[in-house]
Amino acid sequence: MLEFFSPVIHNALRSAAIITDKPVNIQQPADKKFGDFSTNIALLAAKECRRNPRELAQTIIEHLCFPADTIAKVEVAGAGFINFYLTPHFIMQSVEQVLLEGDSYGQGSIGEGKSAVVEYVSANPTGPLTIGRGRGGVLGDCIANLFATQGYAVTREYYFNDAGRQMQILGESVKLRYLERCGQAIDFPATHYQGEYIGDIAEEIYRDHGTALAENTELQMFKKRAEEIIFTSIRKTLERLSIRHDSFFNEHTLYTPDEGGLNANQRVIEALRGKEFITEYDGATWFQTTKLGQEKDKVLIKSSGEPSYRLPDIAYHITKFERNFSMIVNVFGADHIDEYPDVLEALKILGYDTGRIKIAINQFVTTTVDGQTLKMSTRKGNADLLDDLIDDVGADATRLFFIMRGKDSHLNFDVELAKKQSKDNPVFYLQYAHARICSLLRMAHQEIGFDPSTDTMIHLLQRLNSPAELQLGFALLDYPDMIKTSLRMLEPQKMVEYLHSLAEVFHRFYQECPILKAEPDIARARLFLSLATRQVLRNGFRILGVSAPESM
RNA sequence: GCACCCGUAGCUCAAUUGGAUAGAGCAUCUGACUACGAAUCAGAAGGUUAGAGGUUCGACUCCUCUCGGGUGCACCA
């Protein structure tokens, strides 16, 4: 709607000789009696114009010039708001637009010619995915979908490390279980991976090789096999939630030297040294964050000679700049909250435009079963598995529940609720609206021969003007704005809220307006309105990755 | 001790990022099926936005402090 109002208002400001650098905001008043849309430009500009806001608003109104039959009324209200009321014609024309654009309704072009990399999940292959990871995965997937709607070329990336100490321990854990399976007495350390899946992997190896590997002192084989099996299972779990990646970036590549004999990590050190942010003491190499006002320097290379995790992280982000992404989005859990400021600082020092980086951090998940809240814990491998949750409540509910709260809020996943088949369960409420429309259209085809694929009389929509119909039409018109808001905030939850209210408005319309029993033209008009609603529900569901059932 | 997130109706959460009378859903109460799906809808009730100051035309939102809950603070990732 900003595209519609902004030029008109700017023209009015110009012709009224009002000069301001304040942005023109278009907002939807909470209360409909303040109009369909409003702007606070007069309030913002009043001070620098040294004029009374209401009087300024009045002046602006006198210079407004809208296209014919779009705005029914404009008025000054409150302290100096300008409120706009749309005509029914405008609203119903927007509904026609929904039908004309179909699957592409809601798409925008601000990302045309730009690219975005969205990094999410990024779990190392040391064990099956936990519920907490699931939230970040779904969040990242939805954010990637949102970028795609605006024309961005999106790369969905998974960053992982299959070297390092954790993987070493994983290999040892598997080997020990294998030896145990071979009948040897073993001592399984508490520091090793306790989960049952370790035994399962050992069992698989035993099945293939019997006791032949018992004398083998090499860990490599166990590690490799464990990694393959675990990675396959991770991808299978993600696939169940329709989460797919285009690119798997192995941290390993940052350790291979280029023609100059240096690897990516070393190049970071040298570049930072050039900026005088590197120092050496206690046998280690440090990033001098004290120069940036922090309490302590941060280790980049440990005294053992190995890089700490921070260094490859910086090097990895540089590859994102080198790969020329116009937008760099990182999705991760609250446990990484201390990690990214240092990375950003380093990138800034090295001259990269960190404004292109956006961070989405999601808070943790607790599940409640029978009113009891259980805290998620990765430790014991006793529960908390994403797969178990999907088994329990299904993929649609899993996805929707993960994103139906703001990402900054701790998520309370009510397992009982997610399984419920009634209005209480937001998943069913949304999907029911869709199924109901499908059923209605089936019925319409049968009883009055309505066929949207051949019926071109969508201008009949202009016959509709009852409050329930206009309210529904207005909700449909709002959809493209909702996508933009959701994207700007990196918050798919906005979409969930929107779709919920759309379903609600549709049910009200359905309740109040007879469709098949109305006179023929009105019946068709209402069917078109229902069809448009179904289209928007579908488009929204696609972004959220939730299925749109024809019947339930 | 330091940093980040959160504190809003009995419960789970919103509030278009500084806008107008703080809104939904559960739960509670009252109504609507000889009906295109009642898996739904209409209505009632429910609040000192944790607390105290401050910034301004205007604060749930921004600043300071206090109190409570969560998370992270290694030469682990």
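The structure displayed is predicted, hence computed values, not measured ones. Proteins get letters first, then strands, A, B, ... in listed order; numbering begins at 1 in each.
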Counting any heavy atom closer than 4.0 Å, what does A/Leu43 reach on the DNA or RNA strands: base, sugar-phosphate only, or nothing? base
Does a distance-only test, which skips hydrogens and angles, find a donor-acceptor pair under 3.5 Å between the side chain of A/Ser38 and the base of B/A20? yes
Which class fits the ring pair A/Phe474 and A/Phe37: parallel under 30°, tilted 30 to 60°, perpendicular over 60°?
tilted
Rounded to whole Å, the CG-P distance (A/Asp162 to B/A77) equals 15 Å
Base, sugar-phosphate or nothing for A/Met489? Non-hydrogen atoms, less than 4.0 Å. base
Exercise. Indicate whether any N or O donor in one side chain lies under 3.5 Å from an N or O acceptor in the other, for A/Arg534 and A/His434.
Key: no
Q.
What's A/Ala284 touching, base or sugar-phosphate or nothing? Going by heavy atoms closer than 4.0 Å.
A. base
(Q) Are B/G70 and A/Phe364 stacked, with the base six-membered ring and the side-chain ring centres under 5.5 Å apart and planes under 30°? (A) no
In whole Å, what separates the C1' atom of B/G19 from that of B/U61? 11 Å
| message | What contact category does A/Pro53 fall into here, base, sugar-phosphate, or nothing, at under 4.0 angstrom with non-hydrogen atoms? | response | nothing
Is it possible for you to check whether A/Lys73 lies under 6.0 Å from the centre of the six-membered ring of A/Phe84, through NZ or CZ, and within 45° of that ring's axis? no
The ring pair (Phe, Tyr, Trp, His ring centres under 6.0 Å) partner of A/Tyr316 among A/Phe249, A/Tyr340, A/Tyr158, A/Tyr255 is A/Phe249
Nearest heavy-atom contact between A/Arg526 and A/Ala518 is NH1-CB, 3.9 Å
query = Between the side chains of A/Asp36 and A/Gln28, does any donor sit under 3.5 Å from an acceptor?
reply = no
- Query: Considering only the P atoms, how many Å lie between B/G51 and B/G10, rounded to the nearest integer?
  - Reply: 13 Å
Practice prompt. Keeping the roles fixed (side chain from A/Asn425, backbone from A/Val427), state whether a donor-acceptor pair exists under 3.5 Å.
Written response: yes
Can the positive tip of A/Arg436 be found less than 6.0 Å from the middle of the six-membered ring of A/Tyr510, inside 45° of the ring normal?
yes
Closest to the side chain of A/His336, out of B/A77, B/A14, B/G19, is B/A77
With syn meaning chi within 90° of zero and anything else anti, the base of B/U17 is syn
Item to complete: Sticking with atom C1', work out how far B/A22 lies from B/U48, rounded to a whole angstrom.
Response: 13 Å
The nucleotide from B/A14, B/C76, B/G19 with an atom nearest the side chain of A/Lys302 is B/C76
Under 5.5 Å and under 30°: A/Phe81 stacked on B/G19: no
Worksheet item: Among side-chain atoms of A/Ser122 and A/Glu119, is any donor-acceptor pair under 3.5 angstrom?
Response: yes
Review item, nucleotides 59-61 of chain B N/O atoms under 3.5 Å of protein N/O:
none

Distance-only donor-acceptor test, A/Asn83 side-chain atoms vs B/A20 base atoms, 3.5 Å
yes
Check: A/Thr290/A/Gln288 side-chain N/O donor and acceptor closer than 3.5 Å: no
Note: for A/Ser304 and A/Leu44 on RNA chain B, the residue whose nearest nucleotide lies more 5' is A/Leu44
For this session: Please determine, by modelled atom types, if A/Asn161 and A/Gln166 share a side-chain donor-acceptor pair under 3.5 angstrom.
Result: no
When all nucleic acid strands are considered with a 4.0 Å heavy-atom cut-off, which category describes A/Cys438: base, sugar-phosphate, or nothing?
nothing
**Message:** What I want to check is whether an N or O donor and acceptor connect the side chain of A/Asp335 with the base of B/G72 at under 3.5 Å.
**Reply:** no
> When you look at NE2 of A/His192, are more than 12 heavy atoms from neighbouring residues, nucleotides or ligands closer to it than 6.0 Å?
Replying inline: yes
Name the nucleic acid region contacted by A/Gly406, choosing base, sugar-phosphate or nothing; use a 4.0 angstrom heavy-atom cut-off, strictly under.
sugar-phosphate
Comparing A/Ala334 with A/Ala30, nearest RNA chain B nucleotide closer to 5' gives the residue A/Ala30
A/Ala77 has its side chain closest, among B/U16, B/C36, B/A20, to B/A20
Residues passing the side chain to side chain contact (heavy atoms under 4.5 Å, CB included) test with A/Ala315, sequence neighbours excluded, are A/Leu254, A/Ala264, A/Asn265, A/Val268
request  = Mind checking A/Met404 for me? I need base, sugar-phosphate or nothing, with any heavy atom below 4.0 Å counting as a touch.
outcome  = nothing
Considering only heavy side-chain atoms of A/Asp282, the closest of B/C75, B/A20, B/C76 is B/C75
Counting only side-chain nitrogens and oxygens, does A/Lys296 get under 4.0 Å of the OP1 or OP2 atom of B/C73? no
Applying the Watson-Crick and G-U criteria (both distances under 3.5 angstrom) with [ ] for crossing and | for other-strand pairs, one obtains for RNA chain B (((((.(..((((.....[...)))).(((((.......))))).....(((((..]....)))))).)))))....
In whole angstroms, the gap separating P of B/A20 from CD of A/Gln28 amounts to 13 Å
Under-3.5 Å N/O pairs linking protein and nucleotides 41-44 of chain B:
unit_1 : atom_1 : unit_2   : atom_2 : d
B/C41  : OP1    : A/Tyr429 : OH     : 2.4
B/C41  : OP2    : A/Lys423 : NZ     : 2.8
B/C41  : O4'    : A/Gln511 : OE1    : 3.4
B/A42  : OP1    : A/Arg508 : NE     : 2.3
B/A42  : OP1    : A/Arg508 : NH2    : 2.9

Atom NZ of A/Lys32 and atom C1' of B/G23 are separated, to the nearest Å, by 15 Å
Do A/His336 and A/Asn330 pair up side chain to side chain, a donor and an acceptor below 3.5 Å, judged on atom types alone? no
Give every pair of a protein N or O atom and an N or O atom of nucleotides 4-11 of chain B that lie under 3.5 Å apart, one pair per line with the distance.
unit_1 : atom_1 : unit_2   : atom_2 : d
B/C5   : O2'    : A/Asp408 : O      : 2.7

Which of B/U17, B/G19, B/A77 is nearest the side chain of A/Asn161? It is B/A77
Taking only the C1' atom of each, what is the distance from B/C75 to B/U16 in whole angstrom? 47 Å
Assess whether a salt bridge exists between A/Glu157 and A/Lys320, defined as any Lys/Arg side-chain N lying under 4.0 Å from an Asp/Glu carboxylate O. no
Requested in this report: Look at all strands and tell whether A/Ala433 reaches a base, only sugar-phosphate, or nothing, counting heavy atoms closer than 4.0 Å.
Outcome: nothing
**OP:** Take atom C1' in B/C29 and the same atom in B/G18, then report the distance between them in whole Å.
**Re:** 38 Å
key: Pairwise P distance, B/U55 and B/G46 [rounded to whole Å]   = 34 Å
From CZ of A/Phe474 across to C1' of B/U16 the rounded distance in Å is 12 Å
Do other residues, nucleotides or ligands put more than 12 heavy atoms under 6.0 Å from A/Lys484 NZ?
-> yes
Margin query: Distance check, C1' atoms only: B/A9 and B/A44, in whole angstrom units.
Written below: 15 Å
Geometric class of the A/Phe231/A/Phe248 ring pair [parallel <30°, tilted 30-60°, perpendicular >60°]
perpendicular
Next item on the list: Please state the C1' separation for the pair B/C13 and B/U8 - nearest whole angstrom.
Entry: 9 Å
| message | Counting the atoms with a prime plus P, OP1 and OP2 as sugar-phosphate, which does A/Ser501 contact under 4.0 Å by heavy atoms, base, sugar-phosphate, or nothing? | response | nothing
Classified by glycosidic angle (syn within 90° of 0, else anti), B/C33 comes out syn
In short, salt bridge (Lys or Arg N to Asp or Glu O under 4.0 Å) pairs touching residues 496-515 of chain A with sequence neighbours left out are none
